[in-house]
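Written out below as structure tokens is the structure these notes cover.
For the numbers below, each heavy atom of this structure counts, side chains included, while hydrogens, waters and symmetry mates do not.
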Amino acid sequence: MKKIILTAVLMSFSVYGFSQFKVGRSKEEVKADKEKVTPKRIGVKTTALTADYELYAVGDDKEFLRYITKGGMGTEIYEVINFTDMKEEADFYKYVLGLYDDFKDNEILINNMKIVPREMKLLGMKNIMFDVYPKSNSDYKNSTIMLSKKAWINLFKNSRIHKI
């Protein structure tokens, strides 16, 4: 009988002790963590119903640019430029913005991707498209859709780069 009472007392202490610990997370904590890692589209440039360029924000300090390239046999390939930090993104934005006023035929490297701008004139308007080489030493390239200066500015209108 003593063993049964002792076992019951010890079990009540252990149950009481474990009830003091918080197990898992609340729904609010899970929702907040999910919002930190879920990309939110903050900018878009569309042609008809297709989003050609999309700017996404993840958390408070990360953004990435997703764009469509034309592959073989009319296929569309979605590619992503992941910026290492906001300064790199701001530099890229300003670099491309400067190309509309004074086009320079040169290239830029972002995360080992070589991006070569090409000037395109359509109906007297300056547009830019990019040849993107997935690896800087590769001969394989994808070409993006044309982009006007106004579309470039609108794409980054809600970006956090304007706050730095």
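- Applying the ring pair (Phe, Tyr, Trp, His ring centres under 6.0 Å) test to F130 and every residue at least two apart in sequence or in another chain returns nothing.
- Atom CD1 of residue I108 and atom CD1 of residue I115 lie 6.5 Å apart, to the nearest 0.5 angstrom.
- Nearest heavy-atom pair, I68 versus A51, reported as atom, atom and distance to 0.1 Å: CD1-O, 3.3 Å.
- Residue D52 comes nearest to T46 through the heavy atom pair OD2-C, 3.9 Å, listed as atom of the first residue, atom of the second, then distance.
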Dump the intermediate steps for side chain to side chain contact (heavy atoms under 4.5 Å, CB included) on F156 and H162, then the final yes or no. CA-CA 9 Å; F156 283 85; H162 303 294; 4.3 Å; yes

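- Proximity of D101 to K149: side-chain heavy atoms (C-beta onward) are separated by under 4.5 Å at one or more points.
- Ring geometry for F92 versus F83: interplanar angle of 30 to 60°, hence tilted.
- Looking only at atom types and distance, the side chain of N106 has a donor-acceptor partner in the side chain of Y95 under 3.5 Å away.
- Side-chain contact between Y53 and N154 is absent, with no heavy-atom pair separated by less than 4.5 Å.
- The ring pair (Phe, Tyr, Trp, His ring centres under 6.0 Å) search around F64 returns Y56, not counting sequence neighbours.
- Under the 4.5 Å side-chain heavy-atom criterion for grouping Ile, Leu, Val, Met, Phe, Trp and Tyr, V58 is not connected to L55 through any hydrophobic cluster.
- A side-chain contact (heavy atoms from CB on, under 4.5 Å) with L65 holds for exactly one of V80, L155, I110; it is L155.
- Between W152 and I128 there is no side-chain heavy-atom pair separated by less than 4.5 Å.
- The list of salt bridge (charged side-chain N to carboxylate O under 4.0 Å, His left out) pairs with a residue in residues 106-118, not counting sequence neighbours, reads R118-D131.
- Side-chain contact between K40 and N158 is absent, with no heavy-atom pair separated by less than 4.5 Å.
- Note that OG1 of T38 is 7.5 Å distant from CD of E35, once rounded to the nearest 0.5 Å.
- No donor-acceptor distance shorter than 3.5 angstrom exists from the side chain of K62 to the backbone of M86, with no hydrogens or angles considered.
- In this structure, V44 is not a member of the same hydrophobic cluster as I153, with clusters built from ILVMFWY side-chain heavy atoms closer than 4.5 Å.
- Rounding to the nearest 0.5 Å places NZ of K150 at 13.0 Å from CG of N127.
- Side-chain contact between V116 and K141: absent, with no pair of heavy atoms (C-beta onward) separated by less than 4.5 Å.
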Pair Y133, L109 - check side chain to side chain contact (heavy atoms under 4.5 Å, CB included), show working. CA-CA 10 Å; Y133 297 83; L109 282 172; over 6 Å; no

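- Closest approach of A151 to L147, counting heavy atoms only: CB-CD1, 3.7 Å.
- You'll find the side chain of T50 stays beyond 4.5 Å of the side chain of I145, heavy atoms only.
- R160 places a side-chain heavy atom less than 4.5 Å from the side chain of E63.
- The closest donor-acceptor contact from the side chain of K126 to the backbone of Y100 lies under 3.5 Å.
- Taking OG of S143 as the reference point, atom CD1 of I77 lies at 10.5 Å (rounded to 0.5 Å).
- By the 4.5 Å heavy-atom criterion applied to side chains, N111 and I81 are not counted as neighbours.
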